[in-house]
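Lettering of chains follows the sequences in order, A, B, ..., and the numbering in each one begins at 1.
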Number of protein chains: 2
Amino acid sequence: MPRPREFEPDTVVDQAMLRFWWQGYRATSVEDLVKATGVKPGSLYSAFPGGKHTLFLKSLERYSKLVVPQKLGELESPDAGLAELRGYFDGLVSDLLSPEGRQGCLLVNTAIENAAEDDEAAAVVRGHLARLERCMTTALGHARDRGEVRASVDPAGGAKVLVATCQGLMVVGKANPDATMLRAIVDNAFAVLA
Amino acid sequence: MPRPREFEPDTVVDQAMLRFWWQGYRATSVEDLVKATGVKPGSLYSAFPGGKHTLFLKSLERYSKLVVPQKLGELESPDAGLAELRGYFDGLVSDLLSPEGRQGCLLVNTAIENAAEDDEAAAVVRGHLARLERCMTTALGHARDRGEVRASVDPAGGAKVLVATCQGLMVVGKANPDATMLRAIVDNAFAVLA
DNA sequence: AAAATACATGAGTGACCATTCAAGAACAAG
DNA sequence: CTTGTTCTTGAATGGTCACTCATGTATTTT
(Lines give C-alpha, C1' and ligand atoms only; values in the text may rest on other atoms or scores of the structure.)
Protein backbone atom coordinates (compact mmCIF):
# COMPACT_ATOMS: atom_id res chain seq x y z
CA MET A 1 0.00 0.00 0.00
CA PRO A 2 2.55 2.57 0.90
CA ARG A 3 4.48 4.72 -1.47
CA PRO A 4 8.00 3.27 -1.83
CA ARG A 5 11.00 5.18 -0.56
CA GLU A 6 12.84 7.03 -3.31
CA PHE A 7 16.32 6.83 -1.80
CA GLU A 8 18.54 4.12 -0.44
CA PRO A 9 19.17 4.69 3.30
CA ASP A 10 22.64 3.09 3.06
CA THR A 11 23.61 5.51 0.33
CA VAL A 12 22.43 8.42 2.45
CA VAL A 13 24.53 7.18 5.37
CA ASP A 14 27.53 6.83 3.07
CA GLN A 15 27.26 10.44 1.97
CA ALA A 16 26.65 11.67 5.50
CA MET A 17 29.70 9.69 6.64
CA LEU A 18 31.89 11.47 4.11
CA ARG A 19 30.72 14.84 5.40
CA PHE A 20 31.28 13.96 9.04
CA TRP A 21 34.67 12.53 8.12
CA TRP A 22 35.81 15.66 6.30
CA GLN A 23 34.20 18.33 8.41
CA GLY A 24 33.56 16.83 11.83
CA TYR A 25 30.25 16.45 13.60
CA ARG A 26 29.67 19.98 14.79
CA ALA A 27 30.84 21.61 11.58
CA THR A 28 28.44 19.54 9.51
CA SER A 29 24.98 21.10 9.36
CA VAL A 30 21.77 19.33 8.51
CA GLU A 31 21.61 21.62 5.49
CA ASP A 32 24.99 20.20 4.40
CA LEU A 33 23.56 16.72 4.71
CA VAL A 34 20.47 17.68 2.74
CA LYS A 35 22.63 19.06 -0.05
CA ALA A 36 24.98 16.08 -0.01
CA THR A 37 22.26 13.46 -0.04
CA GLY A 38 19.56 15.23 -2.03
CA VAL A 39 17.10 14.08 0.62
CA LYS A 40 14.99 16.87 2.08
CA PRO A 41 14.86 17.49 5.86
CA GLY A 42 11.44 15.94 6.34
CA SER A 43 12.40 12.68 4.65
CA LEU A 44 15.73 12.62 6.41
CA TYR A 45 14.11 12.95 9.82
CA SER A 46 11.44 10.36 9.08
CA ALA A 47 13.98 7.87 7.74
CA PHE A 48 16.43 8.52 10.60
CA PRO A 49 14.55 9.35 13.78
CA GLY A 50 16.95 11.20 16.02
CA GLY A 51 18.16 13.31 13.13
CA LYS A 52 21.73 14.43 12.88
CA HIS A 53 22.98 12.47 15.86
CA THR A 54 21.47 9.18 14.69
CA LEU A 55 22.93 9.74 11.26
CA PHE A 56 26.29 10.35 12.89
CA LEU A 57 26.23 7.11 14.84
CA LYS A 58 25.18 5.21 11.73
CA SER A 59 28.03 6.91 9.88
CA LEU A 60 30.52 5.71 12.47
CA GLU A 61 29.26 2.16 12.15
CA ARG A 62 29.30 2.34 8.39
CA TYR A 63 32.85 3.67 8.49
CA SER A 64 33.84 0.68 10.62
CA LYS A 65 32.28 -1.74 8.18
CA LEU A 66 33.28 -0.11 4.91
CA VAL A 67 36.39 2.02 5.32
CA VAL A 68 38.25 0.37 8.18
CA PRO A 69 38.53 -3.10 6.58
CA GLN A 70 39.91 -1.49 3.46
CA LYS A 71 42.54 0.39 5.46
CA LEU A 72 43.46 -2.63 7.57
CA GLY A 73 43.72 -4.80 4.48
CA GLU A 74 45.83 -7.87 4.99
CA LEU A 75 46.51 -6.91 8.60
CA GLU A 76 43.22 -8.58 9.49
CA SER A 77 44.14 -11.87 7.87
CA PRO A 78 44.79 -14.57 10.51
CA ASP A 79 48.41 -15.10 9.52
CA ALA A 80 49.47 -11.47 9.17
CA GLY A 81 53.02 -10.70 10.26
CA LEU A 82 55.49 -7.86 10.24
CA ALA A 83 54.99 -7.04 6.56
CA GLU A 84 51.24 -6.52 7.01
CA LEU A 85 51.83 -4.47 10.14
CA ARG A 86 54.29 -2.29 8.32
CA GLY A 87 51.99 -2.10 5.32
CA TYR A 88 49.22 -0.70 7.49
CA PHE A 89 51.44 2.07 8.85
CA ASP A 90 52.78 2.89 5.39
CA GLY A 91 49.21 3.13 4.16
CA LEU A 92 48.37 5.56 6.95
CA VAL A 93 51.31 7.75 6.01
CA SER A 94 50.53 7.86 2.32
CA ASP A 95 46.90 8.60 3.14
CA LEU A 96 47.87 11.51 5.35
CA LEU A 97 50.09 12.87 2.59
CA SER A 98 47.47 12.66 -0.14
CA PRO A 99 44.79 15.31 -0.66
CA GLU A 100 42.08 12.66 -0.35
CA GLY A 101 43.39 11.34 2.96
CA ARG A 102 44.25 14.49 4.85
CA GLN A 103 41.12 14.22 6.94
CA GLY A 104 42.70 11.33 8.81
CA CYS A 105 40.50 8.74 10.46
CA LEU A 106 36.88 9.49 11.28
CA LEU A 107 37.13 7.47 14.47
CA VAL A 108 40.24 9.28 15.73
CA ASN A 109 38.59 12.61 14.97
CA THR A 110 35.52 11.44 16.84
CA ALA A 111 37.58 10.34 19.84
CA ILE A 112 38.86 13.88 20.19
CA GLU A 113 35.79 15.83 19.16
CA ASN A 114 32.96 13.81 20.66
CA ALA A 115 34.05 10.99 22.96
CA ALA A 116 33.92 13.11 26.11
CA GLU A 117 30.32 14.15 25.61
CA ASP A 118 28.86 11.34 23.48
CA ASP A 119 28.98 7.93 25.12
CA GLU A 120 27.55 6.12 22.13
CA ALA A 121 30.17 7.57 19.81
CA ALA A 122 32.88 6.78 22.36
CA ALA A 123 31.73 3.16 22.44
CA VAL A 124 32.18 2.83 18.68
CA VAL A 125 35.66 4.31 18.99
CA ARG A 126 36.54 1.90 21.80
CA GLY A 127 35.40 -0.98 19.63
CA HIS A 128 37.66 0.21 16.85
CA LEU A 129 40.65 0.51 19.18
CA ALA A 130 40.03 -3.00 20.47
CA ARG A 131 39.84 -4.32 16.92
CA LEU A 132 43.12 -2.63 16.02
CA GLU A 133 44.78 -3.98 19.14
CA ARG A 134 43.52 -7.47 18.44
CA CYS A 135 44.90 -7.75 14.95
CA MET A 136 48.13 -6.03 15.87
CA THR A 137 48.64 -8.47 18.72
CA THR A 138 48.17 -11.37 16.33
CA ALA A 139 50.51 -9.91 13.74
CA LEU A 140 53.14 -9.08 16.31
CA GLY A 141 52.93 -12.61 17.72
CA HIS A 142 53.55 -14.09 14.29
CA ALA A 143 56.35 -11.59 13.68
CA ARG A 144 58.04 -12.68 16.86
CA ASP A 145 57.58 -16.38 16.13
CA ARG A 146 59.10 -15.84 12.68
CA GLY A 147 62.02 -13.87 14.10
CA GLU A 148 60.95 -10.68 12.35
CA VAL A 149 61.18 -8.76 15.62
CA ARG A 150 63.25 -9.24 18.75
CA ALA A 151 62.23 -12.23 20.85
CA SER A 152 61.92 -9.94 23.87
CA VAL A 153 59.00 -8.07 22.32
CA ASP A 154 55.72 -8.87 24.06
CA PRO A 155 53.00 -9.09 21.39
CA ALA A 156 50.15 -7.91 23.63
CA GLY A 157 52.12 -5.01 25.07
CA GLY A 158 53.76 -4.06 21.81
CA ALA A 159 50.39 -3.99 20.10
CA LYS A 160 49.06 -1.53 22.67
CA VAL A 161 52.01 0.75 21.97
CA LEU A 162 51.54 0.42 18.23
CA VAL A 163 47.87 1.31 18.56
CA ALA A 164 48.82 4.47 20.43
CA THR A 165 51.57 5.22 17.93
CA CYS A 166 49.28 5.02 14.94
CA GLN A 167 46.70 7.25 16.64
CA GLY A 168 49.51 9.71 17.36
CA LEU A 169 50.70 9.46 13.80
CA MET A 170 47.38 10.86 12.72
CA VAL A 171 47.50 13.71 15.20
CA VAL A 172 50.97 14.66 13.98
CA GLY A 173 49.91 14.20 10.37
CA LYS A 174 47.00 16.60 10.78
CA ALA A 175 49.16 19.40 12.11
CA ASN A 176 52.26 18.64 10.09
CA PRO A 177 51.62 16.56 6.96
CA ASP A 178 55.30 16.24 6.17
CA ALA A 179 56.58 13.11 4.46
CA THR A 180 59.97 13.14 6.15
CA MET A 181 58.51 13.43 9.62
CA LEU A 182 55.77 10.84 9.18
CA ARG A 183 58.07 8.30 7.55
CA ALA A 184 60.65 8.85 10.27
CA ILE A 185 58.05 8.08 12.91
CA VAL A 186 57.12 4.80 11.23
CA ASP A 187 60.70 3.82 10.43
CA ASN A 188 61.79 4.35 14.00
CA ALA A 189 58.74 2.72 15.52
CA PHE A 190 59.70 -0.45 13.66
CA ALA A 191 63.44 -0.01 14.19
CA VAL A 192 62.82 -0.12 17.91
CA LEU A 193 61.13 -3.51 17.56
CA ALA A 194 63.76 -5.11 15.34
CA MET B 1 43.05 61.11 29.03
CA PRO B 2 41.36 57.85 28.24
CA ARG B 3 39.28 55.87 30.59
CA PRO B 4 41.37 52.96 31.93
CA ARG B 5 40.45 49.40 31.07
CA GLU B 6 38.58 47.62 33.83
CA PHE B 7 39.84 44.10 33.14
CA GLU B 8 43.17 42.41 32.69
CA PRO B 9 43.50 41.06 29.12
CA ASP B 10 45.75 38.20 30.26
CA THR B 11 43.12 37.09 32.75
CA VAL B 12 40.50 37.16 30.03
CA VAL B 13 42.70 35.01 27.81
CA ASP B 14 43.25 32.58 30.69
CA GLN B 15 39.55 32.12 31.15
CA ALA B 16 38.91 31.83 27.43
CA MET B 17 41.69 29.24 27.22
CA LEU B 18 39.99 27.09 29.84
CA ARG B 19 36.77 27.15 27.87
CA PHE B 20 38.43 26.28 24.58
CA TRP B 21 40.36 23.56 26.34
CA TRP B 22 37.29 21.95 27.85
CA GLN B 23 34.77 22.48 25.08
CA GLY B 24 36.72 22.97 21.88
CA TYR B 25 36.67 25.95 19.56
CA ARG B 26 33.40 25.43 17.78
CA ALA B 27 31.49 24.37 20.86
CA THR B 28 32.53 27.51 22.74
CA SER B 29 30.23 30.42 21.97
CA VAL B 30 31.07 34.07 22.44
CA GLU B 31 28.28 34.13 24.99
CA ASP B 32 30.18 31.43 26.92
CA LEU B 33 33.25 33.62 26.85
CA VAL B 34 31.26 36.65 28.00
CA LYS B 35 29.88 34.67 30.94
CA ALA B 36 33.25 33.17 31.80
CA THR B 37 35.17 36.44 31.68
CA GLY B 38 32.49 38.89 32.80
CA VAL B 39 33.53 41.11 29.91
CA LYS B 40 30.69 42.21 27.66
CA PRO B 41 30.78 41.57 23.89
CA GLY B 42 31.60 45.17 22.97
CA SER B 43 34.60 45.32 25.28
CA LEU B 44 35.73 41.87 24.24
CA TYR B 45 35.72 42.80 20.56
CA SER B 46 37.45 46.12 21.13
CA ALA B 47 40.15 44.55 23.30
CA PHE B 48 40.62 41.60 20.94
CA PRO B 49 40.02 42.67 17.35
CA GLY B 50 39.21 39.57 15.39
CA GLY B 51 36.92 38.36 18.12
CA LYS B 52 36.57 34.69 18.91
CA HIS B 53 39.30 33.53 16.56
CA THR B 54 41.88 35.99 17.89
CA LEU B 55 41.02 34.98 21.41
CA PHE B 56 41.49 31.37 20.40
CA LEU B 57 44.96 31.95 18.97
CA LYS B 58 45.93 33.90 22.07
CA SER B 59 44.59 31.05 24.16
CA LEU B 60 46.79 28.57 22.32
CA GLU B 61 49.85 30.72 22.91
CA ARG B 62 48.96 31.21 26.54
CA TYR B 63 48.50 27.46 26.94
CA SER B 64 51.98 26.97 25.52
CA LYS B 65 53.48 29.44 27.94
CA LEU B 66 51.51 28.55 31.05
CA VAL B 67 50.26 24.99 30.95
CA VAL B 68 52.80 23.19 28.79
CA PRO B 69 55.88 24.05 30.90
CA GLN B 70 54.05 22.81 33.97
CA LYS B 71 53.23 19.51 32.26
CA LEU B 72 56.73 19.09 30.83
CA GLY B 73 58.27 19.84 34.20
CA GLU B 74 61.79 18.53 34.56
CA LEU B 75 61.72 17.11 31.06
CA GLU B 76 62.73 20.53 29.81
CA SER B 77 65.78 20.73 32.05
CA PRO B 78 69.00 20.40 30.01
CA ASP B 79 70.15 17.22 31.74
CA ALA B 80 66.86 15.36 31.76
CA GLY B 81 67.13 11.61 31.27
CA LEU B 82 64.94 8.51 31.33
CA ALA B 83 63.35 9.35 34.69
CA GLU B 84 62.11 12.72 33.45
CA LEU B 85 60.87 11.18 30.22
CA ARG B 86 58.99 8.53 32.13
CA GLY B 87 57.72 11.15 34.57
CA TYR B 88 56.17 13.10 31.72
CA PHE B 89 54.29 10.06 30.41
CA ASP B 90 53.14 9.10 33.91
CA GLY B 91 51.87 12.62 34.37
CA LEU B 92 49.88 12.39 31.15
CA VAL B 93 48.29 9.16 32.30
CA SER B 94 47.30 10.45 35.71
CA ASP B 95 45.92 13.60 34.10
CA LEU B 96 43.79 11.58 31.71
CA LEU B 97 42.46 9.52 34.61
CA SER B 98 41.55 12.49 36.79
CA PRO B 99 38.31 14.46 36.38
CA GLU B 100 40.29 17.67 35.95
CA GLY B 101 42.47 16.25 33.20
CA ARG B 102 39.99 14.37 31.06
CA GLN B 103 39.96 17.13 28.46
CA GLY B 104 43.46 16.06 27.39
CA CYS B 105 45.74 18.57 25.75
CA LEU B 106 44.37 21.72 24.14
CA LEU B 107 46.97 21.50 21.39
CA VAL B 108 46.17 17.89 20.51
CA ASN B 109 42.47 18.73 20.44
CA THR B 110 43.27 21.68 18.20
CA ALA B 111 45.36 19.54 15.85
CA ILE B 112 42.32 17.36 15.22
CA GLU B 113 39.56 19.95 15.36
CA ASN B 114 41.16 22.94 13.65
CA ALA B 115 44.55 22.27 12.06
CA ALA B 116 43.11 21.35 8.68
CA GLU B 117 41.21 24.61 8.30
CA ASP B 118 43.15 27.05 10.48
CA ASP B 119 46.76 27.54 9.44
CA GLU B 120 47.58 29.83 12.33
CA ALA B 121 46.33 27.32 14.86
CA ALA B 122 48.19 24.54 13.03
CA ALA B 123 51.41 26.55 13.27
CA VAL B 124 51.09 26.78 17.06
CA VAL B 125 50.52 23.02 17.21
CA ARG B 126 53.57 22.37 15.02
CA GLY B 127 55.66 24.53 17.34
CA HIS B 128 54.49 22.49 20.27
CA LEU B 129 55.32 19.20 18.56
CA ALA B 130 58.79 20.50 17.71
CA ARG B 131 59.31 21.55 21.31
CA LEU B 132 58.27 18.13 22.55
CA GLU B 133 60.54 16.43 20.05
CA ARG B 134 63.46 18.62 21.00
CA CYS B 135 63.37 17.91 24.70
CA MET B 136 62.61 14.24 24.18
CA THR B 137 65.61 13.95 21.89
CA THR B 138 67.82 15.50 24.54
CA ALA B 139 66.44 13.30 27.30
CA LEU B 140 66.74 10.17 25.18
CA GLY B 141 70.34 11.07 24.31
CA HIS B 142 71.22 11.35 27.96
CA ALA B 143 69.36 8.16 28.73
CA ARG B 144 71.39 6.31 26.13
CA ASP B 145 74.69 7.80 27.30
CA ARG B 146 73.86 6.74 30.83
CA GLY B 147 72.91 3.24 29.74
CA GLU B 148 69.28 3.73 30.75
CA VAL B 149 68.13 2.50 27.35
CA ARG B 150 69.65 0.18 24.77
CA ALA B 151 72.68 1.62 23.00
CA SER B 152 71.00 0.86 19.67
CA VAL B 153 68.26 3.42 20.34
CA ASP B 154 68.61 6.48 18.13
CA PRO B 155 67.70 9.55 20.22
CA ALA B 156 66.37 11.64 17.32
CA GLY B 157 64.32 8.80 15.87
CA GLY B 158 63.18 7.47 19.21
CA ALA B 159 61.99 10.94 20.21
CA LYS B 160 59.83 11.16 17.10
CA VAL B 161 58.19 7.90 18.00
CA LEU B 162 57.68 8.99 21.60
CA VAL B 163 56.07 12.21 20.44
CA ALA B 164 53.62 10.22 18.33
CA THR B 165 53.05 7.77 21.17
CA CYS B 166 52.15 10.47 23.66
CA GLN B 167 49.75 12.09 21.18
CA GLY B 168 48.19 8.68 20.65
CA LEU B 169 48.01 8.13 24.37
CA MET B 170 45.71 11.12 24.56
CA VAL B 171 43.50 9.89 21.75
CA VAL B 172 43.14 6.52 23.47
CA GLY B 173 42.65 8.22 26.82
CA LYS B 174 39.76 10.30 25.52
CA ALA B 175 37.84 7.31 24.21
CA ASN B 176 38.89 4.87 26.89
CA PRO B 177 40.12 6.47 30.11
CA ASP B 178 41.10 3.16 31.63
CA ALA B 179 44.04 3.00 34.01
CA THR B 180 45.11 -0.51 33.03
CA MET B 181 45.17 0.30 29.33
CA LEU B 182 46.95 3.63 29.61
CA ARG B 183 49.57 2.34 32.02
CA ALA B 184 50.16 -0.69 29.80
CA ILE B 185 50.83 1.60 26.86
CA VAL B 186 53.41 3.59 28.80
CA ASP B 187 55.00 0.53 30.41
CA ASN B 188 55.42 -1.18 27.08
CA ALA B 189 56.60 1.92 25.26
CA PHE B 190 59.47 2.09 27.72
CA ALA B 191 59.98 -1.66 27.86
CA VAL B 192 60.68 -1.62 24.15
CA LEU B 193 63.46 0.93 24.67
CA ALA B 194 65.15 -0.86 27.59
C1' DA C 1 -11.45 4.16 -9.76
C1' DA C 2 -11.48 4.90 -4.93
C1' DA C 3 -9.47 4.42 -0.53
C1' DA C 4 -5.57 3.70 2.35
C1' DT C 5 -0.98 4.29 3.33
C1' DA C 6 3.54 5.92 3.60
C1' DC C 7 6.62 9.22 1.51
C1' DA C 8 8.27 13.92 -0.39
C1' DT C 9 8.38 18.73 -0.02
C1' DG C 10 10.05 23.07 1.72
C1' DA C 11 8.43 26.89 4.18
C1' DG C 12 8.31 27.77 8.90
C1' DT C 13 9.80 27.39 14.10
C1' DG C 14 12.26 29.41 17.84
C1' DA C 15 16.75 29.27 19.49
C1' DC C 16 21.30 30.51 19.17
C1' DC C 17 25.34 32.17 16.47
C1' DA C 18 29.26 35.82 15.99
C1' DT C 19 29.41 40.42 15.59
C1' DT C 20 28.27 45.54 15.61
C1' DC C 21 26.94 49.88 17.26
C1' DA C 22 24.78 53.79 19.48
C1' DA C 23 24.56 55.56 23.86
C1' DG C 24 26.27 56.49 28.34
C1' DA C 25 30.23 56.52 31.75
C1' DA C 26 34.85 57.25 33.63
C1' DC C 27 38.94 59.20 33.51
C1' DA C 28 42.90 62.86 32.26
C1' DA C 29 44.38 67.21 30.32
C1' DG C 30 43.59 72.02 29.79
C1' DC D 1 34.41 72.58 35.01
C1' DT D 2 34.81 71.55 30.23
C1' DT D 3 36.52 68.87 26.66
C1' DG D 4 38.55 64.86 24.53
C1' DT D 5 39.39 60.18 24.61
C1' DT D 6 38.68 55.56 25.53
C1' DC D 7 35.93 52.16 27.79
C1' DT D 8 31.47 49.76 29.03
C1' DT D 9 27.05 48.34 28.08
C1' DG D 10 23.49 45.57 26.12
C1' DA D 11 20.15 45.73 22.68
C1' DA D 12 20.00 44.82 17.92
C1' DT D 13 21.71 42.65 13.47
C1' DG D 14 21.36 39.28 10.03
C1' DG D 15 22.54 34.76 9.60
C1' DT D 16 22.44 29.87 10.59
C1' DC D 17 21.20 26.12 13.58
C1' DA D 18 18.52 21.57 14.25
C1' DC D 19 14.14 20.31 13.65
C1' DT D 20 8.80 20.11 12.57
C1' DC D 21 4.64 19.93 10.16
C1' DA D 22 0.88 20.86 6.93
C1' DT D 23 0.23 19.89 2.33
C1' DG D 24 0.58 17.37 -1.74
C1' DT D 25 2.03 12.96 -4.15
C1' DA D 26 2.93 8.26 -5.55
C1' DT D 27 1.87 3.62 -5.03
C1' DT D 28 -0.93 -0.67 -3.85
C1' DT D 29 -5.07 -2.96 -2.41
C1' DT D 30 -9.92 -3.34 -2.75
Exercise for the section: Grab the NZ-C1' distance between A/Lys35 and D/dC17 for me, whole Å please. Expected result: 13 Å
Exercise for the section: Give the rounded distance in Å between these two atoms: CD of B/Glu31 and C1' of D/dA11. Expected result: 13 Å
Take atom [atom1] of [X] as the centre, draw a 6.0 Å sphere, and report whether it contains more than 12 heavy atoms from other residues, nucleotides or ligands.
X: B/Arg183; atom1: CZ; result: no
X: B/Glu74; atom1: CD; result: no
X: A/Lys52; atom1: NZ; result: yes
X: A/Glu31; atom1: CD; result: no

Problem - Residues B/Tyr88, B/Met136; criterion side chain to side chain contact (heavy atoms under 4.5 Å, CB included); working and verdict - result: CA-CA 10 Å; B/Tyr88 174 67; B/Met136 284 187 177; 3.7 Å; yes
Problem - Where A/Val124 and A/Leu107 come nearest, the two heavy atoms and their spacing - result: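 Nearest pair, atom of A/Val124 first, then A/Leu107: CG1-CD2, 3.9 Å.
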Practice task
Please find the earliest and latest nucleotides of DNA chain C, in the 5' to 3' direction, that have an atom within less than 4.0 Å of any heavy atom of chain A.
Solution key: C/dA4 to C/dG10
Exercise for the section: Would you please confirm or rule out a distance under 4.0 Å between OP1 or OP2 of D/dC17 and any side-chain N or O of A/Ser29? Expected result: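 Answer yes for this pair, as a side-chain N or O of A/Ser29 is under 4.0 Å from OP1 or OP2.
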Practice task
Could you list by number each residue of residues 42-56 of chain B showing a heavy-atom separation from DNA chain D of less than 4.0 Å, or answer none if no residue does?
Solution key: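 Here the set is B/Gly42, B/Ser43.
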Practice task
Spell out, as yes or no, whether a donor-acceptor pair under 3.5 Å connects the side chain of B/Asp118 to the backbone of B/Asn114.
Solution key: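 Here the side-chain-to-backbone pair does not exist.
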Problem - A/Glu113 backbone acceptor or donor facing B/Asn109 side chain under 3.5 Å - result: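 Checking the backbone N and O of A/Glu113 against the side chain of B/Asn109, no donor-acceptor pair under 3.5 Å is found.
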Fill in the blank from the handout: Between B/Thr28 and A/Gly38, the residue closer to the 5' end of DNA chain C by nearest nucleotide is A/Gly38
N/O contacts under 3.5 Å, protein versus nucleotides 27-30 of chain D?
unit_1, atom_1, unit_2, atom_2, d
D/dT27, O2, A/Met1, O, 2.8

Practice task
For A/Val192 and B/Arg150, run side chain to side chain contact (heavy atoms under 4.5 Å, CB included): C-alpha distance rounded to whole Å, both residues' side-chain angles, the deciding distance at 0.1 Å, then the answer.
Solution key: CA-CA 10 Å; A/Val192 157; B/Arg150 277 185 289 125; 4.1 Å; yes
Exercise for the section: Go through the steps for B/Glu117 and B/Arg26 under the test salt bridge (Lys or Arg N to Asp or Glu O under 4.0 Å), then give the verdict. Expected result: CA-CA 12 Å; B/Glu117 58 193 14; B/Arg26 253 179 235 277; 2.5 Å; yes
